[in-house]
Amino acid sequence: MTTVNLSAAERRETGALAAELAATAPGLIDDPHWVAEARRMSCRLPLRLREATRLYRHDPGRAF
């Protein structure tokens, strides 16, 4: 399992982005508009979190 320890600044950035996304209408995670906004906003995540996510997407590890 890989973990990413975010700095206080990275946590604030991520929290602000999550709050903005949570306020995106219609607020349903399976709505195409919401998904598109989440995808668009993901480029604003802190760099280290984007890197960890990218690595995970390429190698999610072994299934147990």
Side-chain angles (χ1 to χ4, degrees):
M1 175 184 283
T2 300
T3 60
V4 178
N5 294 316
L6 300 176
S7 69
E10 290 169 325
R11 286 192 301 276
R12 281 191 301 274
E13 290 174 44
T14 303
L17 187 57
E20 185 179 341
L21 183 58
T24 299
L28 302 171
I29 63 170
D30 59 349
D31 179 81
H33 174 71
W34 193 92
V35 172
E37 282 300 297
R39 188 173 293 117
R40 186 185 64 75
M41 289 180 182
S42 70
C43 67
R44 293 170 35 204
L45 288 167
L47 178 60
R48 290 183 324 115
L49 190 52
R50 288 192 321 252
E51 289 172 341
T53 303
R54 189 173 298 116
L55 289 173
Y56 175 80
R57 285 193 327 237
H58 291 292
D59 185 10
R62 261 185 353 178
F64 290 95

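These values consider heavy atoms only, across backbone and side chains, with no hydrogens, waters or symmetry-generated copies. Counting begins at 1 with the first residue of the sequence.
Remark: the backbone N or O of S42 is not paired with any side-chain donor or acceptor of R50 at under 3.5 angstrom.
Not a single side-chain hydrogen bond (donor to acceptor under 3.5 Å, both in side chains) links R11 to another residue, sequence neighbours left out. Annotation: side-chain contact (heavy atoms from CB on, under 4.5 Å) contacts of V4 (sequence neighbours excluded): L6, R48, A52. Residues passing the salt bridge (charged side-chain N to carboxylate O under 4.0 Å, His left out) test with E37, sequence neighbours excluded: R40.
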Which pairs of donor and acceptor atoms, one on a side chain in residues 14-22, lie under 3.5 Å apart (sequence neighbours left out)?
| residue | atom | partner | partner atom | Å |
| --- | --- | --- | --- | --- |
| T14 | OG1 | E10 | O | 2.9 |
| E20 | OE1 | R44 | NH2 | 2.6 |
| E20 | OE2 | R44 | NH1 | 3.4 |

Can I get a per-line list of side-chain donor-acceptor pairs under 3.5 Å for residues 25-32, giving both atom names and the distance, sequence neighbours left out?
| residue | atom | partner | partner atom | Å |
| --- | --- | --- | --- | --- |
| D31 | OD2 | H33 | N | 2.9 |
| D31 | OD2 | W34 | N | 3.3 |

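Here the side chains of L49 and E13 are not in contact, with every heavy-atom distance at 4.5 Å or above.
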